Protein chains: 2
Amino acid sequence: MRKCFKCSQKAQVYLPQHRLSLCKDHYLQWFDNRVEKTIKEFKMFKKEDKILVAVSGGKDSLSLWKALTNLGYQADGFYINLGIGEYSEKSEKLATAFSEKIGRPLYKISLKQEIMPIPEIKKHDSRPTCSVCGTVKRYYMNKFAKDNGYKIIATGHNLDDEAAVLFSNTLNWSVEYLKRQYPVLPEEDGFIRKVKPLCKISEKESAMYAILSGIEYIEEECPFSEGATSIDYKIFLSQLEEKSPGTKLRFYSEFLRKMYPILQKSEEKPQLRPCKICGEPSINEICSVCSLKLKLKKQEEKA
Amino acid sequence: MRKCFKCSQKAQVYLPQHRLSLCKDHYLQWFDNRVEKTIKEFKMFKKEDKILVAVSGGKDSLSLWKALTNLGYQADGFYINLGIGEYSEKSEKLATAFSEKIGRPLYKISLKQEIMPIPEIKKHDSRPTCSVCGTVKRYYMNKFAKDNGYKIIATGHNLDDEAAVLFSNTLNWSVEYLKRQYPVLPEEDGFIRKVKPLCKISEKESAMYAILSGIEYIEEECPFSEGATSIDYKIFLSQLEEKSPGTKLRFYSEFLRKMYPILQKSEEKPQLRPCKICGEPSINEICSVCSLKLKLKKQEEKA
Ligand SMILES: [Zn+2]
Ligand SMILES: [Zn+2]
Ligand SMILES: [Zn+2]
Ligand SMILES: [Zn+2]
(Lines give C-alpha, C1' and ligand atoms only; values in the text may rest on other atoms or scores of the structure.)
(Ligands and ions follow the chains in the order given, each with its own letter.)
Protein backbone atom coordinates (compact mmCIF):
# COMPACT_ATOMS: atom_id res chain seq x y z
CA MET A 1 0.00 0.00 0.00
CA ARG A 2 1.28 3.42 -0.94
CA LYS A 3 1.29 5.95 1.89
CA CYS A 4 0.73 9.69 1.71
CA PHE A 5 4.07 11.48 1.66
CA LYS A 6 2.70 14.12 4.03
CA CYS A 7 0.65 12.25 6.64
CA SER A 8 1.47 8.55 6.05
CA GLN A 9 -2.22 7.66 5.73
CA LYS A 10 -3.35 5.56 2.79
CA ALA A 11 -2.53 7.38 -0.46
CA GLN A 12 -5.33 7.92 -2.98
CA VAL A 13 -3.26 9.48 -5.70
CA TYR A 14 0.13 8.59 -7.16
CA LEU A 15 1.91 11.12 -9.39
CA PRO A 16 4.60 9.18 -11.31
CA GLN A 17 6.33 12.24 -12.81
CA HIS A 18 6.80 13.68 -9.32
CA ARG A 19 7.23 10.26 -7.64
CA LEU A 20 4.69 11.42 -5.13
CA SER A 21 1.91 9.56 -3.27
CA LEU A 22 -0.77 11.62 -1.53
CA CYS A 23 -4.03 11.19 0.37
CA LYS A 24 -7.12 13.06 -0.82
CA ASP A 25 -6.70 16.14 1.38
CA HIS A 26 -3.01 16.48 0.73
CA TYR A 27 -3.57 16.02 -2.99
CA LEU A 28 -6.06 18.89 -3.08
CA GLN A 29 -3.56 20.98 -1.12
CA TRP A 30 -0.72 19.97 -3.45
CA PHE A 31 -2.80 21.02 -6.45
CA ASP A 32 -3.66 24.44 -5.03
CA ASN A 33 0.00 24.97 -4.09
CA ARG A 34 1.15 24.02 -7.54
CA VAL A 35 -1.26 26.50 -9.12
CA GLU A 36 -0.08 29.19 -6.71
CA LYS A 37 3.56 28.42 -7.52
CA THR A 38 2.88 28.67 -11.26
CA ILE A 39 1.09 32.00 -10.78
CA LYS A 40 4.13 33.31 -8.88
CA GLU A 41 6.73 31.77 -11.22
CA PHE A 42 5.30 33.57 -14.24
CA LYS A 43 4.12 36.66 -12.30
CA MET A 44 0.62 36.09 -13.64
CA PHE A 45 -1.42 38.27 -11.27
CA LYS A 46 -1.81 39.43 -7.67
CA LYS A 47 -4.48 39.10 -4.98
CA GLU A 48 -5.93 42.54 -5.77
CA ASP A 49 -6.43 41.85 -9.51
CA LYS A 50 -9.91 41.14 -10.90
CA ILE A 51 -9.70 37.91 -12.88
CA LEU A 52 -12.11 36.56 -15.49
CA VAL A 53 -11.97 32.76 -15.88
CA ALA A 54 -12.93 31.23 -19.23
CA VAL A 55 -15.41 28.59 -18.08
CA SER A 56 -16.45 25.79 -20.44
CA GLY A 57 -17.99 23.47 -17.86
CA GLY A 58 -15.16 20.94 -18.29
CA LYS A 59 -12.79 19.66 -15.60
CA ASP A 60 -9.97 22.08 -16.38
CA SER A 61 -11.87 25.35 -16.23
CA LEU A 62 -13.88 24.36 -13.15
CA SER A 63 -10.79 23.03 -11.31
CA LEU A 64 -9.00 26.26 -12.12
CA TRP A 65 -11.88 28.40 -10.90
CA LYS A 66 -12.04 26.34 -7.71
CA ALA A 67 -8.28 26.52 -7.03
CA LEU A 68 -8.16 30.28 -7.64
CA THR A 69 -11.08 30.78 -5.25
CA ASN A 70 -9.46 28.53 -2.61
CA LEU A 71 -6.27 30.53 -2.94
CA GLY A 72 -8.16 33.77 -2.22
CA TYR A 73 -8.14 35.31 -5.69
CA GLN A 74 -11.11 37.31 -7.01
CA ALA A 75 -12.04 35.11 -9.94
CA ASP A 76 -15.36 35.42 -11.78
CA GLY A 77 -16.54 33.19 -14.60
CA PHE A 78 -17.31 33.85 -18.25
CA TYR A 79 -19.24 31.33 -20.29
CA ILE A 80 -20.04 31.34 -24.01
CA ASN A 81 -22.91 29.14 -25.10
CA LEU A 82 -21.71 27.95 -28.51
CA GLY A 83 -25.10 26.57 -29.45
CA ILE A 84 -23.81 23.02 -29.92
CA GLY A 85 -27.06 21.20 -29.01
CA GLU A 86 -27.08 19.06 -25.90
CA TYR A 87 -23.36 19.57 -25.29
CA SER A 88 -23.87 23.31 -24.80
CA GLU A 89 -27.05 22.94 -22.75
CA LYS A 90 -25.45 20.51 -20.35
CA SER A 91 -22.20 22.43 -19.97
CA GLU A 92 -24.06 25.69 -19.29
CA LYS A 93 -26.15 23.99 -16.59
CA LEU A 94 -23.04 22.54 -14.89
CA ALA A 95 -21.12 25.82 -15.09
CA THR A 96 -24.08 27.71 -13.61
CA ALA A 97 -24.51 25.22 -10.78
CA PHE A 98 -20.81 25.42 -9.95
CA SER A 99 -20.88 29.22 -9.90
CA GLU A 100 -23.70 29.09 -7.34
CA LYS A 101 -21.85 26.49 -5.30
CA ILE A 102 -18.73 28.61 -4.91
CA GLY A 103 -20.69 31.86 -4.72
CA ARG A 104 -18.94 33.67 -7.58
CA PRO A 105 -20.77 35.28 -10.52
CA LEU A 106 -20.81 33.60 -13.94
CA TYR A 107 -21.36 35.93 -16.90
CA LYS A 108 -22.87 34.30 -19.95
CA ILE A 109 -23.30 35.16 -23.59
CA SER A 110 -24.88 33.14 -26.37
CA LEU A 111 -23.26 32.81 -29.77
CA LYS A 112 -26.73 32.35 -31.26
CA GLN A 113 -27.53 35.93 -30.26
CA GLU A 114 -24.12 37.38 -31.17
CA ILE A 115 -23.65 35.74 -34.59
CA MET A 116 -25.15 32.28 -35.00
CA PRO A 117 -24.55 28.88 -33.39
CA ILE A 118 -21.27 27.07 -34.24
CA PRO A 119 -23.04 24.31 -36.25
CA GLU A 120 -24.56 27.03 -38.48
CA ILE A 121 -21.26 28.89 -38.86
CA LYS A 122 -19.62 25.60 -39.74
CA LYS A 123 -21.85 25.34 -42.81
CA HIS A 124 -20.45 28.60 -44.15
CA ASP A 125 -16.84 28.44 -43.03
CA SER A 126 -14.36 25.85 -44.29
CA ARG A 127 -11.81 26.29 -41.48
CA PRO A 128 -11.56 23.56 -38.81
CA THR A 129 -14.31 24.10 -36.24
CA CYS A 130 -11.85 24.36 -33.32
CA SER A 131 -10.14 27.26 -35.03
CA VAL A 132 -13.42 29.18 -35.62
CA CYS A 133 -14.45 28.40 -32.06
CA GLY A 134 -11.14 29.66 -30.65
CA THR A 135 -11.36 32.90 -32.62
CA VAL A 136 -14.89 33.58 -31.45
CA LYS A 137 -14.19 32.77 -27.79
CA ARG A 138 -11.07 34.92 -27.72
CA TYR A 139 -12.90 37.84 -29.27
CA TYR A 140 -15.97 37.96 -27.00
CA MET A 141 -14.05 37.16 -23.86
CA ASN A 142 -11.57 39.95 -24.52
CA LYS A 143 -14.33 42.43 -25.29
CA PHE A 144 -16.32 41.50 -22.18
CA ALA A 145 -13.28 41.73 -19.93
CA LYS A 146 -12.38 45.21 -21.18
CA ASP A 147 -15.95 46.50 -20.93
CA ASN A 148 -16.28 45.23 -17.36
CA GLY A 149 -12.98 46.21 -15.78
CA TYR A 150 -11.23 42.82 -15.71
CA LYS A 151 -7.48 43.13 -16.12
CA ILE A 152 -6.80 39.42 -16.57
CA ILE A 153 -8.27 36.48 -18.46
CA ALA A 154 -7.39 33.04 -17.07
CA THR A 155 -7.93 29.91 -19.18
CA GLY A 156 -7.85 26.25 -18.15
CA HIS A 157 -5.22 25.06 -20.66
CA ASN A 158 -3.32 22.23 -18.97
CA LEU A 159 0.11 20.70 -19.48
CA ASP A 160 -1.20 18.17 -22.00
CA ASP A 161 -2.75 20.95 -24.07
CA GLU A 162 0.35 23.09 -23.97
CA ALA A 163 2.76 20.22 -24.63
CA ALA A 164 0.68 19.05 -27.60
CA VAL A 165 0.67 22.53 -29.15
CA LEU A 166 4.37 22.88 -28.46
CA PHE A 167 4.99 19.48 -30.03
CA SER A 168 3.01 20.35 -33.13
CA ASN A 169 4.80 23.67 -33.53
CA THR A 170 8.13 21.95 -32.96
CA LEU A 171 7.56 19.24 -35.57
CA ASN A 172 7.15 22.04 -38.12
CA TRP A 173 9.51 24.46 -36.38
CA SER A 174 6.87 27.19 -36.67
CA VAL A 175 9.04 29.87 -35.17
CA GLU A 176 6.33 32.54 -35.08
CA TYR A 177 4.04 30.30 -33.02
CA LEU A 178 6.84 29.03 -30.79
CA LYS A 179 7.67 32.62 -29.93
CA ARG A 180 4.21 33.16 -28.53
CA GLN A 181 4.05 29.88 -26.61
CA TYR A 182 4.18 31.21 -23.08
CA PRO A 183 1.70 30.89 -20.20
CA VAL A 184 1.37 34.68 -20.04
CA LEU A 185 0.43 36.90 -22.95
CA PRO A 186 0.88 40.47 -21.73
CA GLU A 187 -1.73 43.17 -22.25
CA GLU A 188 -0.98 44.88 -25.55
CA ASP A 189 -2.57 46.33 -28.66
CA GLY A 190 -6.07 46.11 -27.19
CA PHE A 191 -5.69 42.57 -25.86
CA ILE A 192 -6.22 41.94 -22.15
CA ARG A 193 -3.47 40.05 -20.29
CA LYS A 194 -4.04 36.28 -20.69
CA VAL A 195 -2.68 33.60 -18.35
CA LYS A 196 -2.69 29.79 -18.06
CA PRO A 197 -2.26 28.85 -14.39
CA LEU A 198 -2.70 25.11 -15.09
CA CYS A 199 0.16 24.96 -17.61
CA LYS A 200 2.18 22.68 -15.32
CA ILE A 201 -0.79 20.51 -14.29
CA SER A 202 -1.47 17.42 -16.39
CA GLU A 203 -4.90 16.45 -17.67
CA LYS A 204 -5.01 13.51 -15.28
CA GLU A 205 -4.10 15.72 -12.33
CA SER A 206 -6.82 18.18 -13.19
CA ALA A 207 -9.44 15.42 -13.60
CA MET A 208 -8.36 13.93 -10.27
CA TYR A 209 -8.75 17.31 -8.59
CA ALA A 210 -12.25 17.79 -10.00
CA ILE A 211 -13.32 14.30 -8.94
CA LEU A 212 -11.82 14.47 -5.44
CA SER A 213 -13.31 17.95 -4.91
CA GLY A 214 -16.75 16.70 -5.92
CA ILE A 215 -16.98 19.06 -8.89
CA GLU A 216 -19.64 18.04 -11.40
CA TYR A 217 -18.22 18.72 -14.85
CA ILE A 218 -19.09 17.80 -18.41
CA GLU A 219 -17.12 14.70 -19.33
CA GLU A 220 -17.92 14.62 -23.04
CA GLU A 221 -15.52 16.40 -25.35
CA CYS A 222 -16.99 18.95 -27.73
CA PRO A 223 -18.44 16.84 -30.59
CA PHE A 224 -16.56 18.96 -33.13
CA SER A 225 -13.13 18.38 -31.57
CA GLU A 226 -13.02 14.80 -32.87
CA GLY A 227 -10.25 14.14 -35.35
CA ALA A 228 -8.29 17.24 -34.37
CA THR A 229 -4.59 16.50 -34.96
CA SER A 230 -3.77 17.81 -31.49
CA ILE A 231 -5.41 14.64 -30.14
CA ASP A 232 -2.91 12.49 -32.10
CA TYR A 233 -0.03 14.42 -30.56
CA LYS A 234 -1.51 14.00 -27.10
CA ILE A 235 -1.61 10.24 -27.62
CA PHE A 236 2.01 10.19 -28.86
CA LEU A 237 3.22 12.26 -25.95
CA SER A 238 1.37 10.02 -23.51
CA GLN A 239 3.25 7.04 -24.93
CA LEU A 240 6.55 8.81 -24.28
CA GLU A 241 5.33 9.80 -20.84
CA GLU A 242 4.47 6.23 -20.01
CA LYS A 243 7.94 5.02 -21.04
CA SER A 244 9.62 7.76 -19.11
CA PRO A 245 7.43 9.66 -16.61
CA GLY A 246 8.17 13.38 -16.54
CA THR A 247 8.94 13.69 -20.25
CA LYS A 248 5.94 15.92 -20.95
CA LEU A 249 6.64 18.29 -18.09
CA ARG A 250 10.34 18.45 -18.94
CA PHE A 251 9.61 19.08 -22.62
CA TYR A 252 7.32 21.98 -21.75
CA SER A 253 9.21 23.57 -18.86
CA GLU A 254 12.64 23.25 -20.44
CA PHE A 255 11.26 24.95 -23.53
CA LEU A 256 10.13 27.88 -21.40
CA ARG A 257 13.39 27.97 -19.48
CA LYS A 258 15.91 27.52 -22.27
CA MET A 259 14.43 28.04 -25.73
CA TYR A 260 11.80 30.71 -25.16
CA PRO A 261 14.35 33.39 -24.13
CA ILE A 262 16.45 32.68 -27.22
CA LEU A 263 13.41 33.06 -29.47
CA GLN A 264 12.44 36.36 -27.89
CA LYS A 265 15.71 37.91 -29.01
CA SER A 266 15.14 37.10 -32.66
CA GLU A 267 13.30 39.62 -34.87
CA GLU A 268 10.09 41.46 -34.13
CA LYS A 269 6.41 40.53 -33.83
CA PRO A 270 3.63 41.31 -36.33
CA GLN A 271 2.04 44.71 -35.68
CA LEU A 272 -1.61 44.84 -34.54
CA ARG A 273 -4.07 47.68 -35.21
CA PRO A 274 -7.73 48.40 -34.36
CA CYS A 275 -10.33 46.71 -36.58
CA LYS A 276 -11.99 49.27 -38.90
CA ILE A 277 -15.44 47.99 -37.97
CA CYS A 278 -15.43 47.16 -34.27
CA GLY A 279 -12.15 48.62 -33.01
CA GLU A 280 -10.85 45.34 -31.53
CA PRO A 281 -7.17 44.50 -32.16
CA SER A 282 -6.48 42.86 -35.52
CA ILE A 283 -3.65 41.89 -37.89
CA ASN A 284 -5.70 42.91 -40.92
CA GLU A 285 -7.82 46.02 -41.54
CA ILE A 286 -10.94 44.09 -40.51
CA CYS A 287 -10.71 41.63 -37.60
CA SER A 288 -11.45 37.94 -38.01
CA VAL A 289 -14.84 38.02 -36.27
CA CYS A 290 -16.06 40.99 -38.31
CA SER A 291 -14.77 39.26 -41.47
CA LEU A 292 -16.68 36.16 -40.47
CA LYS A 293 -19.84 38.20 -39.91
CA LEU A 294 -19.47 39.93 -43.29
CA LYS A 295 -18.98 36.60 -45.01
CA LEU A 296 -22.01 35.06 -43.32
CA LYS A 297 -24.12 38.12 -44.21
CA LYS A 298 -23.10 37.96 -47.88
CA GLN A 299 -23.98 34.29 -48.06
CA GLU A 300 -27.35 35.02 -46.46
CA GLU A 301 -28.12 37.74 -49.00
CA LYS A 302 -27.28 35.38 -51.85
CA ALA A 303 -29.56 32.67 -50.47
CA MET B 1 0.55 -1.58 -60.61
CA ARG B 2 2.66 1.46 -59.79
CA LYS B 3 4.68 2.80 -62.71
CA CYS B 4 8.07 4.49 -62.63
CA PHE B 5 7.62 8.26 -62.69
CA LYS B 6 10.54 8.56 -65.12
CA CYS B 7 10.15 5.72 -67.64
CA SER B 8 6.65 4.30 -66.95
CA GLN B 9 8.04 0.79 -66.53
CA LYS B 10 7.01 -1.26 -63.51
CA ALA B 11 8.07 0.56 -60.32
CA GLN B 12 10.15 -1.34 -57.77
CA VAL B 13 10.29 1.35 -55.14
CA TYR B 14 7.64 3.68 -53.73
CA LEU B 15 8.73 6.65 -51.61
CA PRO B 16 5.65 7.81 -49.67
CA GLN B 17 7.16 11.02 -48.32
CA HIS B 18 8.04 12.14 -51.84
CA ARG B 19 4.96 10.46 -53.43
CA LEU B 20 7.34 8.96 -55.94
CA SER B 21 7.38 5.54 -57.68
CA LEU B 22 10.57 4.48 -59.43
CA CYS B 23 12.05 1.50 -61.26
CA LYS B 24 15.36 0.08 -60.07
CA ASP B 25 17.62 2.10 -62.37
CA HIS B 26 15.78 5.35 -61.80
CA TYR B 27 15.79 4.76 -58.07
CA LEU B 28 19.58 4.36 -58.01
CA GLN B 29 19.83 7.52 -60.08
CA TRP B 30 17.41 9.37 -57.77
CA PHE B 31 19.50 8.36 -54.76
CA ASP B 32 22.78 9.55 -56.29
CA ASN B 33 21.11 12.83 -57.29
CA ARG B 34 19.72 13.36 -53.82
CA VAL B 35 23.16 12.83 -52.29
CA GLU B 36 24.66 15.26 -54.83
CA LYS B 37 21.96 17.83 -54.05
CA THR B 38 22.61 17.54 -50.31
CA ILE B 39 26.37 17.96 -50.86
CA LYS B 40 25.67 21.15 -52.85
CA GLU B 41 22.95 22.48 -50.50
CA PHE B 42 25.29 22.42 -47.53
CA LYS B 43 28.47 23.15 -49.53
CA MET B 44 30.02 19.99 -48.11
CA PHE B 45 32.94 19.49 -50.52
CA LYS B 46 34.07 19.70 -54.15
CA LYS B 47 35.27 17.24 -56.76
CA GLU B 48 38.92 18.06 -56.04
CA ASP B 49 38.69 17.36 -52.28
CA LYS B 50 40.14 14.14 -50.80
CA ILE B 51 37.39 12.53 -48.72
CA LEU B 52 37.71 9.87 -46.04
CA VAL B 53 34.52 7.84 -45.54
CA ALA B 54 33.86 6.27 -42.13
CA VAL B 55 33.11 2.69 -43.15
CA SER B 56 31.44 0.33 -40.70
CA GLY B 57 30.36 -2.36 -43.15
CA GLY B 58 26.68 -1.44 -42.71
CA LYS B 59 24.24 -0.32 -45.39
CA ASP B 60 24.63 3.41 -44.75
CA SER B 61 28.39 3.71 -44.95
CA LEU B 62 28.67 1.40 -47.96
CA SER B 63 25.80 3.11 -49.81
CA LEU B 64 27.44 6.45 -49.12
CA TRP B 65 30.81 5.26 -50.37
CA LYS B 66 29.18 3.87 -53.51
CA ALA B 67 27.17 7.01 -54.25
CA LEU B 68 30.18 9.28 -53.76
CA THR B 69 32.22 7.08 -56.11
CA ASN B 70 29.41 7.04 -58.71
CA LEU B 71 29.24 10.83 -58.51
CA GLY B 72 32.96 11.10 -59.28
CA TYR B 73 34.27 12.09 -55.87
CA GLN B 74 37.63 10.86 -54.54
CA ALA B 75 36.40 8.93 -51.54
CA ASP B 76 38.57 6.44 -49.66
CA GLY B 77 37.48 4.27 -46.75
CA PHE B 78 38.52 4.14 -43.11
CA TYR B 79 37.58 1.20 -40.96
CA ILE B 80 38.09 0.66 -37.21
CA ASN B 81 37.94 -2.91 -35.99
CA LEU B 82 36.33 -2.50 -32.59
CA GLY B 83 37.14 -6.05 -31.54
CA ILE B 84 33.49 -6.99 -30.99
CA GLY B 85 33.82 -10.72 -31.78
CA GLU B 86 32.04 -12.07 -34.83
CA TYR B 87 30.34 -8.75 -35.50
CA SER B 88 33.68 -7.03 -36.10
CA GLU B 89 35.17 -9.92 -38.08
CA LYS B 90 32.22 -10.07 -40.43
CA SER B 91 31.95 -6.32 -40.93
CA GLU B 92 35.69 -6.02 -41.68
CA LYS B 93 35.43 -8.77 -44.29
CA LEU B 94 32.44 -7.12 -46.00
CA ALA B 95 34.04 -3.67 -45.93
CA THR B 96 37.26 -5.06 -47.41
CA ALA B 97 35.41 -6.94 -50.15
CA PHE B 98 33.45 -3.81 -51.06
CA SER B 99 36.60 -1.70 -51.23
CA GLU B 100 38.08 -4.19 -53.73
CA LYS B 101 34.85 -4.21 -55.74
CA ILE B 102 34.80 -0.44 -56.26
CA GLY B 103 38.60 -0.19 -56.51
CA ARG B 104 39.12 2.36 -53.73
CA PRO B 105 41.53 1.88 -50.80
CA LEU B 106 40.25 1.00 -47.33
CA TYR B 107 42.50 1.97 -44.43
CA LYS B 108 42.08 -0.09 -41.29
CA ILE B 109 43.07 0.16 -37.68
CA SER B 110 42.36 -2.19 -34.82
CA LEU B 111 41.21 -0.96 -31.44
CA LYS B 112 42.82 -4.00 -29.87
CA GLN B 113 46.20 -2.64 -30.96
CA GLU B 114 45.46 1.00 -30.15
CA ILE B 115 43.89 0.57 -26.70
CA MET B 116 41.92 -2.63 -26.15
CA PRO B 117 38.76 -4.12 -27.68
CA ILE B 118 35.42 -2.46 -26.83
CA PRO B 119 34.19 -5.40 -24.70
CA GLU B 120 37.32 -5.01 -22.53
CA ILE B 121 36.95 -1.24 -22.27
CA LYS B 122 33.32 -1.74 -21.32
CA LYS B 123 34.42 -3.62 -18.21
CA HIS B 124 36.34 -0.57 -16.98
CA ASP B 125 34.10 2.28 -18.16
CA SER B 126 30.58 2.86 -16.89
CA ARG B 127 29.45 5.12 -19.74
CA PRO B 128 27.01 3.69 -22.34
CA THR B 129 29.01 1.65 -24.86
CA CYS B 130 27.79 3.72 -27.85
CA SER B 131 29.22 6.82 -26.27
CA VAL B 132 32.68 5.26 -25.66
CA CYS B 133 32.57 3.85 -29.17
CA GLY B 134 31.70 7.23 -30.69
CA THR B 135 34.51 8.97 -28.80
CA VAL B 136 37.07 6.42 -29.93
CA LYS B 137 35.94 6.41 -33.59
CA ARG B 138 35.92 10.18 -33.77
CA TYR B 139 39.39 10.40 -32.28
CA TYR B 140 41.22 7.89 -34.49
CA MET B 141 39.43 8.91 -37.64
CA ASN B 142 40.30 12.57 -37.10
CA LYS B 143 43.92 11.73 -36.37
CA PHE B 144 44.26 9.46 -39.41
CA ALA B 145 42.66 12.02 -41.73
CA LYS B 146 45.02 14.78 -40.60
CA ASP B 147 48.11 12.58 -40.83
CA ASN B 148 47.21 11.47 -44.34
CA GLY B 149 46.12 14.68 -46.02
CA TYR B 150 42.34 14.18 -46.03
CA LYS B 151 40.45 17.45 -45.70
CA ILE B 152 37.02 15.90 -45.14
CA ILE B 153 35.50 13.09 -43.14
CA ALA B 154 32.15 11.79 -44.44
CA THR B 155 29.92 9.64 -42.23
CA GLY B 156 26.86 7.58 -43.14
CA HIS B 157 24.41 9.15 -40.66
CA ASN B 158 21.00 9.03 -42.29
CA LEU B 159 17.79 11.00 -41.80
CA ASP B 160 16.49 8.57 -39.18
CA ASP B 161 19.71 8.94 -37.17
CA GLU B 162 19.68 12.71 -37.40
CA ALA B 163 15.96 13.06 -36.69
CA ALA B 164 16.23 10.79 -33.64
CA VAL B 165 19.12 12.82 -32.21
CA LEU B 166 17.28 16.04 -32.98
CA PHE B 167 14.17 14.66 -31.31
CA SER B 168 16.06 13.63 -28.22
CA ASN B 169 17.77 17.01 -27.95
CA THR B 170 14.44 18.75 -28.53
CA LEU B 171 12.59 16.81 -25.83
CA ASN B 172 15.16 18.17 -23.35
CA TRP B 173 15.77 21.43 -25.20
CA SER B 174 19.52 20.82 -24.97
CA VAL B 175 20.46 24.09 -26.58
CA GLU B 176 24.20 23.39 -26.70
CA TYR B 177 23.64 20.17 -28.65
CA LEU B 178 20.94 21.66 -30.88
CA LYS B 179 23.41 24.36 -31.87
CA ARG B 180 25.80 21.77 -33.24
CA GLN B 181 23.17 19.72 -35.04
CA TYR B 182 24.12 20.47 -38.61
CA PRO B 183 25.24 18.14 -41.42
CA VAL B 184 28.53 20.02 -41.69
CA LEU B 185 30.93 20.61 -38.83
CA PRO B 186 33.59 22.99 -40.16
CA GLU B 187 37.31 22.39 -39.69
CA GLU B 188 38.32 24.08 -36.45
CA ASP B 189 40.44 23.69 -33.33
CA GLY B 190 42.26 20.66 -34.74
CA PHE B 191 39.11 18.91 -35.97
CA ILE B 192 38.85 17.99 -39.64
CA ARG B 193 35.70 19.11 -41.51
CA LYS B 194 32.95 16.51 -40.99
CA VAL B 195 29.94 16.02 -43.27
CA LYS B 196 26.81 13.84 -43.43
CA PRO B 197 25.75 13.55 -47.09
CA LEU B 198 22.93 11.05 -46.27
CA CYS B 199 21.21 13.39 -43.81
CA LYS B 200 18.16 13.68 -46.06
CA ILE B 201 18.06 9.98 -46.96
CA SER B 202 15.94 7.73 -44.77
CA GLU B 203 17.12 4.41 -43.38
CA LYS B 204 14.73 2.55 -45.67
CA GLU B 205 15.99 4.46 -48.70
CA SER B 206 19.57 3.65 -47.87
CA ALA B 207 18.81 -0.05 -47.31
CA MET B 208 16.93 -0.13 -50.61
CA TYR B 209 19.90 1.42 -52.40
CA ALA B 210 22.30 -1.11 -50.93
CA ILE B 211 20.05 -4.03 -51.87
CA LEU B 212 19.27 -2.83 -55.40
CA SER B 213 22.98 -2.06 -56.00
CA GLY B 214 23.93 -5.57 -54.91
CA ILE B 215 26.05 -4.32 -52.01
CA GLU B 216 26.76 -6.99 -49.42
CA TYR B 217 26.54 -5.34 -46.02
CA ILE B 218 26.33 -6.48 -42.42
CA GLU B 219 22.67 -6.59 -41.41
CA GLU B 220 23.15 -7.18 -37.72
CA GLU B 221 23.26 -4.11 -35.52
CA CYS B 222 26.22 -3.79 -33.17
CA PRO B 223 25.36 -6.09 -30.22
CA PHE B 224 26.08 -3.26 -27.80
CA SER B 225 23.61 -0.82 -29.40
CA GLU B 226 20.63 -2.72 -28.01
CA GLY B 227 18.55 -0.76 -25.55
CA ALA B 228 19.97 2.60 -26.67
CA THR B 229 17.27 5.25 -26.12
CA SER B 230 17.83 6.55 -29.65
CA ILE B 231 16.13 3.36 -30.85
CA ASP B 232 12.96 4.27 -28.89
CA TYR B 233 12.88 7.66 -30.54
CA LYS B 234 13.34 6.08 -33.96
CA ILE B 235 10.34 3.85 -33.36
CA PHE B 236 8.33 6.79 -32.11
CA LEU B 237 9.21 8.95 -35.12
CA SER B 238 8.38 6.08 -37.46
CA GLN B 239 4.88 5.96 -35.99
CA LEU B 240 4.44 9.66 -36.72
CA GLU B 241 5.87 9.12 -40.19
CA GLU B 242 3.42 6.34 -40.92
CA LYS B 243 0.47 8.52 -39.91
CA SER B 244 1.72 11.41 -41.94
CA PRO B 245 4.51 10.62 -44.45
CA GLY B 246 7.11 13.35 -44.67
CA THR B 247 7.00 14.28 -40.97
CA LYS B 248 10.54 13.11 -40.29
CA LEU B 249 12.05 14.94 -43.24
CA ARG B 250 10.09 18.10 -42.46
CA PHE B 251 11.07 17.98 -38.78
CA TYR B 252 14.74 17.72 -39.71
CA SER B 253 14.92 20.10 -42.68
CA GLU B 254 12.73 22.77 -41.14
CA PHE B 255 14.96 22.73 -38.09
CA LEU B 256 17.96 23.38 -40.30
CA ARG B 257 16.15 26.06 -42.28
CA LYS B 258 14.38 27.96 -39.50
CA MET B 259 15.72 27.15 -36.04
CA TYR B 260 19.41 26.50 -36.66
CA PRO B 261 20.13 30.08 -37.83
CA ILE B 262 18.40 31.50 -34.72
CA LEU B 263 20.49 29.28 -32.45
CA GLN B 264 23.73 30.34 -34.12
CA LYS B 265 23.14 33.94 -33.11
CA SER B 266 22.86 33.11 -29.41
CA GLU B 267 26.01 33.12 -27.25
CA GLU B 268 29.34 31.51 -27.98
CA LYS B 269 30.66 27.96 -28.19
CA PRO B 270 32.90 26.19 -25.65
CA GLN B 271 36.59 26.80 -26.37
CA LEU B 272 38.75 23.83 -27.44
CA ARG B 273 42.50 23.47 -26.78
CA PRO B 274 45.18 20.85 -27.59
CA CYS B 275 45.31 17.81 -25.27
CA LYS B 276 48.38 17.99 -23.00
CA ILE B 277 49.30 14.41 -23.80
CA CYS B 278 48.56 13.81 -27.48
CA GLY B 279 47.84 17.29 -28.84
CA GLU B 280 44.42 16.45 -30.27
CA PRO B 281 41.59 19.00 -29.69
CA SER B 282 39.92 18.75 -26.31
CA ILE B 283 37.53 20.59 -23.96
CA ASN B 284 39.58 19.58 -20.91
CA GLU B 285 43.36 19.63 -20.35
CA ILE B 286 43.54 15.96 -21.26
CA CYS B 287 41.34 14.65 -24.10
CA SER B 288 38.75 11.94 -23.56
CA VAL B 289 40.75 9.15 -25.24
CA CYS B 290 43.91 9.92 -23.26
CA SER B 291 41.81 10.09 -20.07
CA LEU B 292 40.34 6.71 -20.95
CA LYS B 293 43.82 5.28 -21.51
CA LEU B 294 45.05 6.68 -18.19
CA LYS B 295 42.08 5.23 -16.38
CA LEU B 296 42.53 1.80 -17.97
CA LYS B 297 46.26 1.86 -17.13
CA LYS B 298 45.60 2.71 -13.48
CA GLN B 299 43.07 -0.09 -13.17
CA GLU B 300 45.57 -2.49 -14.73
CA GLU B 301 48.29 -1.48 -12.27
CA LYS B 302 45.91 -2.06 -9.38
CA ALA B 303 44.97 -5.51 -10.60
ZN1 LIG C 1 -2.00 12.94 3.61
ZN1 LIG D 1 -13.96 43.69 -35.88
ZN1 LIG E 1 12.31 4.06 -64.56
ZN1 LIG F 1 44.91 13.12 -25.77
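Each chain gets a letter, A, B and so on, in the order the sequences are listed, and its residues count up from 1. Here the structure is a predicted model, which is why all the values come from computation and not from measurement.
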**Message:** Is there a salt bridge (Lys or Arg N to Asp or Glu O under 4.0 Å) between A/E36 and A/K40? Walk through the geometry before answering.
**Reply:** CA-CA 6 Å; A/E36 179 77 320; A/K40 297 246 161 83; 3.4 Å; yes
**Prompt:** Does the pair A/S206 and A/D60 meet the rule for a side-chain hydrogen bond (donor to acceptor under 3.5 Å, both in side chains), with working shown?
**Reply:** CA-CA 6 Å; A/S206 142; A/D60 297 317; 2.5 Å; yes
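With sequence neighbours left out, B/E254 forms a side-chain hydrogen bond (donor to acceptor under 3.5 Å, both in side chains) with B/R257, B/K258. Applying the ring pair (Phe, Tyr, Trp, His ring centres under 6.0 Å) test to B/F191 and every residue at least two apart in sequence or in another chain returns nothing. A search for side-chain hydrogen bond (donor to acceptor under 3.5 Å, both in side chains) contacts involving A/E41 returns A/K200, not counting sequence neighbours.
Between A/K234 and A/D161, at least one side-chain nitrogen of the basic residue sits less than 4.0 Å from a carboxylate oxygen of the acidic one, meeting the salt-bridge criterion.
Annotation: maximal heavy-atom pairing with chain A below 4.5 Å, among B/V175, B/N172, B/L166, occurs at B/N172.
The part of B/L178 that comes within reach of chain A is its side chain, from C-beta onward, which places non-hydrogen atoms under 4.5 angstrom from that chain.
The shortest side-chain heavy-atom distance between B/T135 and B/L292 does not fall under the 4.5 Å cut-off.
Residue-level contacts of residues 245-253 of chain A with chain B, in order of numbering, are A/T247, A/R250, A/F251; threshold 4.5 Å between heavy atoms.
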